[in-house]
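Here the structure comes first, spelled out in structure tokens, and everything after it is commentary.
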Amino acid sequence: QVQLVESGGGLAQAGDSLRLSCAASGRTYTIDATGWFRQAPGKEREFVAVINWSTGNTDYADSVKGRFTISRDNAKNTVYLQMNSLKPEDTAVYYCAAEMSWSARIGRLSRTTNDYDSWGQGTQVTVSS
């Protein structure tokens with residue numbers, strides 16, 4: 001099994017930056033891709049970004065492209081989400097998730113929550129105008 005713990009959330013003003021971390025433990029060698037999702041009050045959980053552990057390839061939601069950057073540190077089993085130029089509409093609970101699948105192993109970058117096998121508990125990001 002894999003355990004994920006997010007950190008780095010907090011309060012920010014529009015235009016500020018935050019960096020979220022997602023630390024994995026357990027059977028980390030089974031992780032093929034790590035994604036970030038977010039959920040605002042009253043809304044469904046939505047895709048933010050994903051990184052493939054073997055290729056390093058990434059994918060981003062249009063709403064964050066050019067502002068957010070996902071990266072990984074293999075040695076630390078940690079994935080980061082650098083969030084720049086924050087907007088009030090970025091306010092949400094941010095979750096990281098791990099996918100362990102053959103599809104991800106050969107390079108698929110999934111935007112679908114059902115494709116992910118393990119989830120963290122989430123970290124709150126609040127951006128004021």
Lys/Arg N to Asp/Glu carboxylate O, Lys87 vs Asp90, below 4.0 Å: no
query: Please walk me through it: do Thr112 and Asn114 pass side-chain hydrogen bond (donor to acceptor under 3.5 Å, both in side chains)?
result: CA-CA 5 Å; Thr112 305; Asn114 287 345; over 6 Å; no
- request: Kindly indicate, with the supporting measurements, whether the criterion side-chain hydrogen bond (donor to acceptor under 3.5 Å, both in side chains) is fulfilled by Thr78 and Asp73.
  value: CA-CA 5 Å; Thr78 299; Asp73 185 328; over 6 Å; no
- line: Shortest non-hydrogen pair, Ser17 vs Asn84, comes out as OG-OD1, 2.9 Å
query: Measuring from Ile31:CD1 to Trp53:CH2, what's the distance to the nearest 0.5 Å?
result: 6.0 Å
query: Is it the case that one hydrophobic cluster holds both Phe68 and Val93, taking links as side-chain heavy atoms less than 4.5 Å apart, direct or via other members?
result: no
query: Hey, is NZ on Lys65 packed in by over 12 heavy atoms from elsewhere, all under 6.0 Å?
result: yes
message: Donor-acceptor check, side chain of Asn52 to backbone of Thr58, threshold 3.5 angstrom: yes or no?
response: no
field: Any donor-acceptor N/O pair, Glu6 side chain to Gly122 backbone, under 3.5 Å
entry: yes
message: Quick check on the hydrophobic clustering: are Leu18 and Tyr95 connected, directly or via other members, by side-chain heavy-atom contacts under 4.5 Å?
response: no
- prompt: Can you tell me how far CG of Asp117 sits from CE of Met100, rounded to the nearest 0.5 angstrom?
  reply: 4.5 Å
field: Value rounded to 0.5 Å, distance of OG1 in Thr113 from CD in Gln39
entry: 9.5 Å
task: Step by step, work out the side-chain contact (heavy atoms from CB on, under 4.5 Å) result for Tyr80 and Ile70.
output: CA-CA 6 Å; Tyr80 302 99; Ile70 189 170; over 6 Å; no
field: Nearest-0.5 Å distance that lies between atom CG in Asp32 and atom OG1 in Thr30
entry: 7.5 Å
- line: For Arg72 and Ser54 the tightest heavy-atom approach is NH2-O, 4.3 Å
query: What residues form a ring pair (Phe, Tyr, Trp, His ring centres under 6.0 Å) with Phe37, not counting sequence neighbours?
result: Phe47, Tyr116, Trp119
message: Taking Val64 as the starting point, is it possible to reach Trp36 by hopping between hydrophobic residues whose side chains are less than 4.5 Å apart?
response: yes
field: Cluster link Leu86 to Leu81, ILVMFWY, side chain under 4.5 Å
entry: yes
query: Taking C-beta and beyond as the side chain, do Glu99 and Ser110 meet within less than 4.5 Å on heavy atoms?
result: yes
field: From CA spacing to verdict: side-chain contact (heavy atoms from CB on, under 4.5 Å), Gln13, Val127
entry: CA-CA 5 Å; Gln13 292 189 327; Val127 184; 6.0 Å; no
query: Can Val79 and Ile51 be said to form a side-chain contact (heavy atoms from CB on, under 4.5 Å), step by step?
result: CA-CA 8 Å; Val79 170; Ile51 187 166; 4.1 Å; yes
- prompt: When you measure from the side chain of Thr91 to the backbone N and O of Pro88, does any donor-acceptor pair fall under 3.5 Å?
  reply: yes
Atom pair OG (Ser7) and CG (Leu20), whose distance is rounded to the nearest 0.5 Å: 8.0 Å
Heavy-atom pair of closest approach, residues Ala104 and Ala33: CB-CB, 4.2 Å
task: Output yes when a side-chain donor or acceptor of Arg111 lies under 3.5 Å from a complementary backbone atom of Asp59, and no otherwise.
output: no
query: Do Ser63 and Arg38 pass the side-chain contact (heavy atoms from CB on, under 4.5 Å) test, and can you show the C-alpha distance, the side-chain angles, and the key distance before you say yes or no?
result: CA-CA 12 Å; Ser63 59; Arg38 65 187 181 186; 3.5 Å; yes
query: To the nearest 0.5 Å, what is the distance between SG (Cys96) and CG (Leu4)?
result: 4.5 Å
